[in-house]
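As the structure is a computational prediction, the values presented were derived from the model and not from experiment. Residue numbers start from 1 in every chain, and the chains themselves are labelled A, B, ... in the order their sequence lines are given, proteins ahead of strands.
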Amino acid sequence: MSQAALVDAMRAGDEAAFSQAVRCYTPSMLAAVWGLCDPATAEDVVQESWLRVIEAIHGFEARATLKTWLCSIAVNEARQRLRKSRREIPMDLDSASASPMEERFTSGGAWLVPPTAWAEHAVESLLERDSLQQCLEKHIAALSEDQRSVLALRDIQQMPVEDICNILQLSHSNLRVLLHRARHRIFAMVDHFMETGEC
Amino acid sequence: MLTCREVVNSADHLIERELSRRQQLAMKVHLLMCRHCRRYVRQLRALLQAIPFMHSKASDSEVRDVMEHIQSHQSESR
Ligand SMILES: [Zn+2]
């Protein structure tokens, strides 16, 4: 079903269309709020967001994609809860969480600890290995909230950079820094796994 | 001449084709000469291609949870 047809069906109160949308877009919405709240709250936030969608779908304009629009609703819902619990999330752009790749170079910028050669087919089967998948999930969960949000939206959900900036209200350059650090962390983790077989 | 650290710091921009032609060329030259950086870029690219498959669609139980929540809410408000 095309996006326009799906939206029309949802507006008409078609329950099957609504189920389809929930099935299709819930992961993106969960990813969008991942960095803003803990997993249990995230599910709750997304459920509340869908209730909002029922009312708001009539006002949906096709300027944004449905996915981006739904994610914005979820992020707004999560932000409202944050405000209620008065928890401020500081932007994670300081050096305290600098890239773990930094220590792998000499002061002159040459490799001190070069990357391990990953086995030939390791990466294609990367996520077929349960232990590695679990290890990745653990490390992603341990990222700072900002890093986790951008990694989830960009690299897992593959959303356009512009949309992510809008949803998370980040400047383009801040998004870049966060994404870059998150990727370095994930690379270093997989590299360690490939070398030692341990998480 | 780029250092290896600089190459690693620009690797994801290279993969996402966000570098100017001049920067791209500088990267290419370094990569031709440096096997460690070549390995880094190759493996990072493979990793970034693999990650999207981590969370594809909501599981049936997630969808069921959400639908039940919505239905119970609707019957409450009726
Ligand atoms: Zn190099």
> Roughly how far apart are A:Arg183 CZ and B:Ile15 CD1, rounded to 0.5 Å?
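Going from CZ on A:Arg183 over to CD1 on B:Ile15, the span is 7.5 Å.
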> With a 4.5 angstrom heavy-atom cut-off, is it the side chain or the backbone of A:Arg176 that approaches chain B, or both, or neither?
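Just the side chain, heavy atoms under 4.5 Å.
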> Between chain A and each of B:Glu18, B:Arg35, B:Glu6, count heavy-atom pairs under 4.5 Å; write down the option with the most.
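Between B:Glu18, B:Arg35, B:Glu6, the count favours B:Glu18.
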> Which one of A:Ala117, A:Ser19, A:Ala110 has the most heavy-atom pairs closer than 4.5 Å to chain B?
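Answer, by heavy-atom pair count under 4.5 Å with chain B: A:Ala117.
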> Nearest 0.5 angstrom please: B:Ser10 OG to A:His180 NE2, how far?
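One gets 7.0 Å once the value is rounded to the nearest 0.5 Å.
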> Should A:Ile186 and B:Leu48 count as side-chain neighbours, where that means a heavy-atom distance under 4.5 Å?
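Of all side-chain heavy-atom pairs linking B:Leu48 with A:Ile186, none is under 4.5 Å.
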> Determine whether A:Phe105 and B:Val8 make a side-chain contact, defined as any pair of heavy atoms from C-beta on separated by less than 4.5 Å.
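With C-beta onward as the side chain, the pair touches.
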> Please step through side-chain contact (heavy atoms from CB on, under 4.5 Å) for the pair A:Met101 and B:Arg5, ending with a clear verdict.
CA-CA 9 Å; A:Met101 294 302 291; B:Arg5 179 193 276 126; over 6 Å; no
> Relative to chain B, which of A:Thr116, A:Thr106, A:Val46, A:Asp191 shows the most heavy atom pairs under 4.5 Å?
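Most heavy-atom pairs within the cutoff with chain B belong to A:Thr116.
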> Where does B:Glu16 contact chain A at under 4.5 Å (heavy atoms): side chain, backbone, both or neither?
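Contact with chain A is through the side chain of B:Glu16 alone.
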> Report the distance from atom CG of A:Leu136 to atom CG of B:Leu47, rounding to the nearest 0.5 Å.
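Atom-to-atom, A:Leu136:CG and B:Leu47:CG are 6.5 Å apart.
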> Can you confirm whether B:Arg39 sits close enough to A:Trp118 that some side-chain heavy atom of one is under 4.5 Å from a side-chain heavy atom of the other?
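The answer is no, as the side chains (C-beta and beyond) never meet within the 4.5 Å cut-off.
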> Is it the side chain or the backbone of A:Ser49 that comes within 4.5 Å of chain B heavy atoms, both, or neither?
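Neither part.
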> Would you indicate whether B:Met33, at its atom CE, is surrounded by more than 12 heavy atoms from other residues, nucleotides or ligands within a distance under 6.0 Å?
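Atom CE in B:Met33 is not crowded, with 12 or fewer foreign heavy atoms closer than 6.0 Å.
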> Below 30° counts as parallel, above 60° as perpendicular, anything between as tilted: where do the rings of B:Tyr40 and A:Trp111 land?
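Because their plane-to-plane angle lies in the 30° to 60° range, the rings of B:Tyr40 and A:Trp111 count as tilted.
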> Ignoring hydrogens, what is the shortest heavy-atom contact between B:Asn9 and A:His184? Give both atom names and the distance.
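B:Asn9 and A:His184 have their closest heavy atoms at OD1-CE1, 3.4 Å.
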